[in-house]
Structure formats: C-alpha cells, structure tokens
Amino acid sequence: MDRESSDDEEDRRHLIHQNDTIPKSPRPSTFQIDEDDHHQFKSPRHSSQSNNVRNLIFNKRYIFAITLPLLIIFIYFTADFKSLFRTNPSSDSFQTGAVASNLMRESELRALYLLKQQQSGLIDLWNRTSMPNLNSTSVSTSSNSIQDLRSALIDQISLNKKIQQALLSSHQFGNWLDSNDHNVTDPTLSGLTTCRKVDQRLSQRRTIEWKPKQDKYLFAICTSGQMSNHLICLEKHMFFAAVLNRILIIPSSKVDYEFNRVLDIDHINKCLGKEVVITFEEFSDRKKNHMHIDKVLCYFSSPQPCYVDDEHVKKLKAIGVSMSELKTVWTEDVKKPTDRTKQEVIEKFSTNDDVLAIGDVFFADVEKEWVMQPGGPIAHICQTLIEPSRVILLTAQRFIQTFLGDKFIALHFRRHGFLKFCNAKNPSCFFPIPQAAECITRLVERANIPVIYLSTDAAESETGLLQSLVTLNGKTVPLITRPPRNSAEKWDALLYRKKLDGDPQVEAMLDKTISALSGVFIGAPGSTFTEDIIRLRRGWGTASVCDEYLCEGELPNFIAGDE
C-alpha cells in the first residue's frame, strides 16, 4: 500500500510539471471556429500543444487506473457488507453476541497468560528450594521441611498446568503456550522426585529385647481370615512371645498355611542372633512326639474362647497335639477389642508352664502404635522380621527387571467379595471403575510414572474397562500383570526349579513383594493384603509420600442398597 501511494505522488508531481509547461492562452469562445481544424498540416506550436493535451489525458487515465483498485480495497476493509445486505431484524443482538464472544476469548487468553506467569514463578521457587542449606543446624528437620514444601509446589504447578489445558481446550491454537515449556510432571526437576521416600527413622523406634527362656514355648494359633490375616497374627504372637520370654512355635501346615513355602523362618533367628522361633516339626522332635499344650489362657472370650472352633481343635488332635482346658483371663470381644498394655499382658499371661497358648490374636489391640511401627516392636538388626523367602524376593526382582524397571506404580485392586464387605462399612470402600480410573490417573500424573503393576482378583471384564479408562495425555497407561508361565521366559525359573510354581500362597506373596518394591503404592482400603504390603514397604524403606489408598478421601459416587 505504501509503495502504491509513493507511485501516486510521483505521478502527481510529473503531471504538475507538464501542466506548468503548457503555454497559457485565452479560453476560446464557444462559438469560435478554429481554422486550423480545416488545415491538413498544423504548425509546430499547434502540434506541441496537441501532444501535451494527449499526455494530460493519458496521465489522468493512469492515475484513475491506480486509484480505483486502492479505493475498492479501502472500501472492502472498512465497509460492513454483511450489515448492508442483512435482512434479519435481530442483527444488533448477533453483533452484541459476537462482541461478547470476542471479549470472552480475550479474557481466557489473558487468564492463560497470567497462569503462565504464575507457573514460571512457581518453577523458579521450586528450583530455589533445591539449593543446599549450608547453615541448617538440623539437617534432618530442614530436609523434611524442604521436601514437604517441594511436594506442595509440584502439586500447585501441576494444577496450574491443568487450568491452562482446560482454557486452551476451547481454542484451536494447540499448545502454543508450551513452546520451550517446563515439564511440570518431570520427576527430575532439579534432580529430585516429587514422590520422595519416607524416612521411617528406624533407629529411633521403640523396641523390646526378645530373650526367650530355655524350653519355654508359645504355641501360635491363627484361625481368622486368609494368609495375610495369619501373617499379622504371627507378628502379634512374636510380640507376646518377646514380652513373655518364650520361643514361638510356628503352626503346622496340616492345620494352617505352609509358612515355610513363603517365609524365611531362619531369617528371623538370624536377625536376633539367637533361636526365637522354631517350626512345628522341630517342636515335635524335641518333645519326642509327646506334644501337649500345658496351659491355654485365652486372650479373647467372645464369640468363643480363644476364637478357636471345635474343627480347629480336632485338627490339632489329629497331628498329636493335646491341650488343657481353655480358660479366659478377661472379657474381650473380637468385634470390640480393648486397648491393652504390655504390663497387662505380663500380669495375665505369665506362667511357669512349658507350653502356653493364648489363641488367635489377630484382632488384639496391645500397644498398637508400638507393635505396628515400621520395623516392628522387637529389637533386631534387619529391616523386617517377617518377610518373603529369598526365592520369592529374587523372583520378584527378576520380574521387575523384565517387565517394569525401577519406576512403577503398584496397584492392589481388590474386587472379589469386596462389594458386600465394603458396603457393610460406613463409608463404603468399593468404587465404580470409572471413578477408580480417575483417582489412579491423578496419581500417575503426580508421580509421573506411566506404568502400573496390577495385583487384583477382579474379573477380566473389570480390568479391561479399567485399562481403557486409565489414560494420561491421550496415551494409555499400561496395567501389567504377571503372565502365565512360559518356558521362554526365565524370570520365574527359580519357582519352577524349587517346585513352588502354581502355589496360590506363593503367588500371593510374590504379588506382595513386587508391590512392596514399587516406587508408589495404591492400596485397597480395608484389605489386610494391602496392610501387609504397607508393613513391608515401611520396613524396607520403599514407602513413598505419594502412597495412598484408592480414591483416598473420596466417597463412591454411587452405592447400591442393602439386601
């Protein structure tokens, strides 16, 4: 446009110059007849004047040819042709709506700009927190405070990102704000992960020395629930044995689970540097097949003494174990257990008899915080006392190396029989799959770990739906389960070699071990399987600040009625 205007000005100057050279003469009368028109030949003066006139006419046409398109372009961009031909009487309202839409778009883009600035500031603050505090007098306290601050910051940065994406979704600009952007879910912002490990301070835990007296035994009896319940029962029996200074007898596989297939019993003795537990077979050898429980002092009185039914007593007799009469030391109901102290246990269960039994103690609440602390209540040199056998641990590590890598989330997705169990609670802990998928996706985004190990008893219809719904940034987050045995794969060769493959309890312990070694764990609320994984994670130092129960803090968005 500027170039055309300059050409126009040049033409005008040229035109004025030519007009100045035309001699001025009186204007002829309208009735005057020019005689030269009748002459065949014109004089040179008249010829020059005629050429000038023709040039003038030509230049005018040239100017007109240039200015006409400019005029048309000007009118095109300034005139509202739609309003000239619009016949709709509500044209003013349409125009108002268009203005409002433009204002909304401008406001949204302004909000995006401000969020971008906020994000930049938050990331700068994040990076500053990574600088070492050389003047700190309390390194541990300072480190924890900084880590908490960093965790809060990454949550805010992630939220900021979500707002930007939500605002951008109504526009067709793609991710124009993300050029040279920070990856707010990058776990290595300044070299640190957001889901840091929890310092359990195992060196500061409260402990009791286990010093068993020779030939004094505590006969463990566990009857409630599945394997996980029995492992918790054994752990509590260990505390009672330590308090009462007795050797713990592991139950026989003929009346309980085959603990020697999933646990490393020798590991317990090594951790304490002395014999504190023995197998039932070892007990049988020592008693020369004359196995008698000298005194039975029941911890629970209701719904039945020792929480032991007649069927269990028959099984004990079948393997050659006899027992004295069951006695209750206090009124205690498994449905409403009372908080008890170590001193109360000593007063009620101390005896000089060689073999003592106290019944099932899975529901017992004795020094609960002490017993459930990371590493357990007993002094030892290991991370945990009750842990998977070496074969299962190695198999879990090989599976992780084959399929998962060092960064993965473990999900215990309990479904079988869980609907009725959870709905009997208030609030319910059984979540619809779409809601569960949303909760899982949020944690995946926060942890920035796009692979999940799935430990579940759910049907394929449920796991298939869950897999289709767990996505992040348009990509499916894989839910990995243990595949059927394949001779071409060697990760489970140890189980096959030791003839442990196909054992449901071994596979359950393998699931627990893999989950306990994960970077982040999502548990099933109300499940003792989950609680045993949490116990291992706390003892092994793998627990993360991002660990949580599925949809923790939420209620199911739909709950079925009672029967």
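Only a predicted model underlies this, so the values are computations on that prediction, with no experimental measurement involved.
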Min side-chain heavy-atom separation [X]-[Y] under 4.5 Å:
X	Y	result
V313	V308	yes
I265	I250	yes
V366	T341	no
I400	I514	yes
V361	C233	yes
V444	I449	no
K315	D256	no
M291	F219	no

State, to 0.1 Å, how close [X] and [Y] come at their nearest heavy-atom pair, and which atoms those are.
X	Y	result
E235	V371	OE2-O, 4.4 Å
R246	L218	CB-N, 4.0 Å
L234	A220	CD2-CB, 4.0 Å
L202	G539	CD1-O, 3.9 Å
A410	S515	CB-CA, 3.6 Å
I268	L385	CG1-O, 3.3 Å

- Could you walk me through whether I409 and Y453 pass side-chain contact (heavy atoms from CB on, under 4.5 Å), step by step? CA-CA 6 Å; I409 295 174; Y453 175 70; over 6 Å; no
I'd like to know if the side chain of [X] and the backbone of [Y] have a donor-acceptor N/O pair within less than 3.5 Å.
X	Y	value
E332	T338	yes
T395	V391	yes
T351	D353	yes
H237	I358	no
K197	A543	no

Looking at [atom1] of [X] and [atom2] of [Y], how far apart are the two atoms once the value is rounded to the nearest 0.5 Å?
X	Y	atom1	atom2	result
D333	F300	CG	CZ	8.0 Å
K348	L297	NZ	CG	10.5 Å
L316	I293	CG	CD1	6.0 Å
R446	R442	CZ	CZ	11.5 Å
S518	H412	OG	NE2	13.0 Å
E209	L272	CD	CG	8.0 Å

Does either side chain, that of [X] or that of [Y], offer a donor lying less than 3.5 Å from an acceptor on the other one?
X	Y	result
T384	E387	yes
Q435	E554	yes
S224	D360	yes
N229	T528	yes
S228	D532	no

- Message: What verdict does the salt bridge (charged side-chain N to carboxylate O under 4.0 Å, His left out) test give for K211 and E275, after you've listed the backbone C-alpha separation in whole Å, the side-chain angles of each residue and the deciding distance to 0.1 Å?
- Response: CA-CA 9 Å; K211 299 178 180 180; E275 184 183 71; over 6 Å; no
Can you establish whether the number of heavy atoms outside [X] located under 6.0 Å from its atom [atom1] is more than 12?
X	atom1	answer
E489	CD	yes
K327	NZ	no
N486	CG	yes
R485	CZ	yes
E347	CD	yes

Given the ring of [Y], does [X] sit roughly above its face, with NZ or CZ under 6.0 Å from the centre of the six-membered ring and within 45° of the axis?
X	Y	value
R206	W370	yes
R340	W330	yes
R414	F529	no

- Would you please test F283 and V355 for side-chain contact (heavy atoms from CB on, under 4.5 Å) and show each step? CA-CA 11 Å; F283 174 67; V355 184; 4.1 Å; yes
Before accepting this row, confirm whether a basic side-chain N of the pair [X]/[Y] lies closer than 4.0 Å to the acidic partner's carboxylate O.
X	Y	value
D264	K270	no
R415	E462	yes
D547	R537	yes

- How far apart are the C-alpha atoms of Q401 and W491, what are their side-chain angles, what is the distance that settles it, and do they pass the side-chain contact (heavy atoms from CB on, under 4.5 Å) test? CA-CA 9 Å; Q401 183 177 359; W491 64 269; over 6 Å; no
- Please step through salt bridge (charged side-chain N to carboxylate O under 4.0 Å, His left out) for the pair R286 and D215, ending with a clear verdict. CA-CA 9 Å; R286 293 181 185 185; D215 296 330; 5.8 Å; no
- When the ring planes of F418 and F421 are compared, do they come out parallel, tilted or perpendicular, using 30° and 60° as the limits? parallel
- Query: side-chain contact (heavy atoms from CB on, under 4.5 Å) between I522 and Y549: does it pass, once the steps are laid out?
  - Reply: CA-CA 5 Å; I522 305 174; Y549 295 106; over 6 Å; no
- Decide side-chain hydrogen bond (donor to acceptor under 3.5 Å, both in side chains) for S322 and H292; before the verdict, give the C-alpha distance in whole Å, the side-chain angles of both, and the deciding distance to 0.1 Å. CA-CA 5 Å; S322 60; H292 178 72; 2.6 Å; yes
- Query: Which one of L454, I452, D457 satisfies the side chain to side chain contact (heavy atoms under 4.5 Å, CB included) criterion with F413?
  - Reply: L454
- Message: Just checking Y299 against F363, ring centres under 6.0 Å apart?
- Response: no
